[in-house]
Amino acid sequence: VVWYQLTIVSGGVMVEVTGAQLVAESLKAQKVEYMFGIVGVPVIEVAMAAQAAGIKYVGMRNEQAVNASRSVRSWSSDRNQETAGAFQEFPQVEACRLYSKFSARPSSLEAIPSVMEKAVRTSIYGRPGAVYVDIAGDMVNAKVERTKVRGVSCCSPPPVSLADHTAVTEAVALLKAAKAPLVIIGKGAAYGRAEAVLREFVETSGLLFLPTPMGKGVVPDDHPNCVSAARSRALLQADVVLLLGARLNWILHFGLPPRFNPNVKIIQVDLCAEEMGNNVRPAAALLGDIKAVVSQLVALIKKDGWKYPSNTEWWSMLREKAAANTKISKALALRATPQMNYYTVFHHISELLPHDCIIVSEGANTMDVGRTMLNNSLPRHRLDAGTFGTMGVGLGFAVAAAAVERSREKGRRVVCVEGDSAFGFSGMEVETMCRYNLPVVIIVVNNNGIYSGVDAETWKEMAKLGDLTSVAPPVSLLPEARYDEVMTAFGGRGFLVRTVEELRSALQTSLSDWENPSLLNVLIDPSSDRKQQVLAQQTHRTNPNPL
Ligand SMILES: Cc1ncc(C[n+]2csc(CCOP(=O)(O)OP(=O)(O)O)c2C)c(N)n1
Ligand SMILES: *[C@@H]1O[C@H](CO)[C@@H](O)[C@H](O)[C@H]1NC(C)=O
Ligand SMILES: *[C@@H]1O[C@H](CO)[C@@H](O)[C@H](O)[C@H]1NC(C)=O
Ligand SMILES: [Mg+2]
């Protein structure tokens, strides 16, 4: 690849650099290691410049999946054709402002390095989020003299702030006075890399905790103080909640009755001031970096020598409740029926997955039941459809995670647990996995539909009743679709799985292959979820986050 265009000017050498090179070099200067994209003219040049600058380029298939793996830039039309109806002309910067923390278009080649620095800095400082930089088409191949461009070095790591000392003292006083205290660990704690100090906090304070979906693993799910299996009860009866890097949004039922005690006192720890007081006015607001704030809490309770006793009624009630709930899912899992249900599938998967694997998951029942049954023992090892419940992000996450893991010395397995509908959104990324030999294990929990479906026989009978577009339930998908053959089409391993034995053997084979991706098409009872829901209602067991 030719790096710089050399132009001889009256005996001297003028080194020129293109817009594409500036974009690539600026990202490299910000320590960007991977670029995910889909090329077309003129983006090809940028992808090539990125590779030349030492950035790994991963070519994707579905742009929605590209966005899931955090794309930073896009292209729009040439500047001199703006408003004239240029190819793909669209007010992208304005459109993206609503969806990102920062949206900008460098006004010149010289401005590219500083705009890129600001984009990267904005995405990682404060509450992290996506950013958007738009490069005009004509700027990609335009050239500028290198000496005219001021390089910008890598932004500093995010600055750290501590909580106000008075608020920390108040928080500890509230915890000490509580009868039924509960710690909720959110994904902010995972992003903030607070795992070591949080574990120390849980063990020093003796408090019980439960994680939000992507807070799982910050303190291991199998820690004795984890009360996930009694989640509804814990939320309902807690009198003081220490909320760590989690929002009181729909995932936590807004912190309000009927799912919370109306008099619950919330101690809110967040790095975003505007978050304080959303839905519930906090009894104490600790504004700051979560790792630093938890260290403050640890220091204070250590100084006091305080510990929540383990022989309280609250503890034993939650322990009993958790044991009872675990027993119910185990009974469902071990039911001897001709077809597997969700619980059976997850019970066996959980026994075979390596403890350090990265679990990616999306779907409705698949994701909800899977979250309760698949433990995480490490932080940032669960990626799911998130607060928006967006289907289609899973395979993009898996490609990105597998690419990063492969470059590590002791890479971990990436296991992608997908509903059959969820898989369909970005299913073509299977080709991406095969192309780059990313050994992702995809498990499609196939119930022939969205939430539920019908079996092959019923489908045939239904077709006789009239046009399927009039008579088929809108939730149904083609019964027994061969998603495994999507994987074999590109050279990966595909398995059609109907029984527990087939499931265990296929998963073991897949996990022992570090070269090829695999897809397990696990056919389950298409009415599985309905039965579970009935059973769940009878036993007051509720899936926390139905989408
Ligand atoms: C982008 C997007 N489109 C549509 C939806 C609506 N939706 C919610 S869950 C879901 C799929 C659920 O079916 P599946 O993945 O098969 O999981 P199951 O519940 O059947 O196990 C859909 C389409 C969504 N959440 N996101
Ligand atoms: C992905 O994001 C870019 C901007 O970041 C946007 O132009 C594009 O439409 C998005 N694609 C999808 C499929 O959402
Ligand atoms: C998952 O963690 C729970 C405790 O929350 C524990 O009871 C269960 O045995 C664990 N499951 C596996 C497969 O390790
Ligand atoms: Mg389904």
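Both counts, for ligands and for their atoms, begin at 1 and track the order of listing. In what follows, residues are counted from 1 in the order of the sequence shown.
Between Gly449 and ligand 1, at least one pair of N/O atoms sits closer than 3.5 Å. Ligand 1 has no N or O atom lying under 3.5 Å from any N or O atom of Gly363, backbone or side chain. Some N or O of Thr366 is nearer than 3.5 Å to an N or O of ligand 1, by distance alone. Looking at Thr390 next to ligand 1, no N or O pair under 3.5 Å apart turns up.
Close approach of ligand 1 to Ala364 (heavy-atom distance below 4.0 Å) involves ligand atoms 9 (S), 12 (C), 17 (O), 18 (P), 19 (O). Remark: ligand 3 atoms within the under-4.0 Å shell around heavy atoms of Asp222 are 2 (O), 4 (C). Those atoms of ligand 1 with a heavy atom of Tyr451 less than 4.0 angstrom away are 8 (C), 13 (O), 18 (P), 19 (O), 20 (O). The distance from ligand 3 to the heavy atoms of Asn375 drops below 4.0 Å at these ligand atoms: 1 (C), 2 (O), 3 (C), 8 (C), 10 (C), 11 (N), 12 (C), 14 (O).
The environment of Met428 atom CE is sparse: at most 12 non-hydrogen atoms of other residues, nucleotides or ligands sit within 6.0 angstrom. In Glu94, the CD atom is crowded: over 12 heavy atoms of neighbouring residues, nucleotides or ligands sit closer than 6.0 Å.
Taking the N/O/S atoms of Asp420 in turn, the shortest distance to the Mg ion (ligand 4) belongs to OD1.
Under 4.0 Å from ligand 1, not a single heavy atom of Phe423 appears. By the criterion of a heavy-atom distance under 4.0 Å, the side chain of Asn447, and not its backbone, is placed next to ligand 1.
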* Test ring pair (Phe, Tyr, Trp, His ring centres under 6.0 Å) on Phe102 and Tyr132 and set out the steps. => CA-CA 6 Å; Phe102 172 74; Tyr132 179 81; 9.7 Å; no
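There is a protein heavy atom less than 4.0 angstrom from atom 11 (N) of ligand 3.
Gly449 contributes O and Asn447 contributes OD1; the angle these two atoms make at the Mg ion (ligand 4) is 80°, rounded to 10°.
Taking the six-membered ring for Trp and thresholds of 30 and 60 degrees, Tyr483 and Phe423 have ring planes more than 60 degrees apart, a perpendicular arrangement.
Closest of all the heavy-atom pairs between Ala322 and Ala230 is N-CB, 3.8 Å.
Not a single heavy atom of Phe388 sits under 4.0 Å from any atom of ligand 1. Heavy-atom distances between Gly392 and ligand 1 stay at or above 4.0 Å for every pair. A heavy-atom separation below 4.0 Å is found between Asp221 and ligand 3. At least one heavy atom of Ser350 sits less than 4.0 Å from an atom of ligand 3.
A salt bridge between Lys179 and Glu313 is absent, with no side-chain N of the basic residue lying under 4.0 Å from a carboxylate O of the acidic one. Salt-bridge annotation for Arg247 and Asp270: absent, with no side-chain N of the basic residue lying under 4.0 Å from a carboxylate O of the acidic one. Between Arg413 and Glu405, none of the side-chain N atoms (NZ, or NE/NH1/NH2) sits under 4.0 Å from a carboxylate O, so this pair counts as no salt bridge.
Shortest contact from atom 7 (O) of ligand 3 to any protein heavy atom: Thr326 CG2, 4.9 Å.
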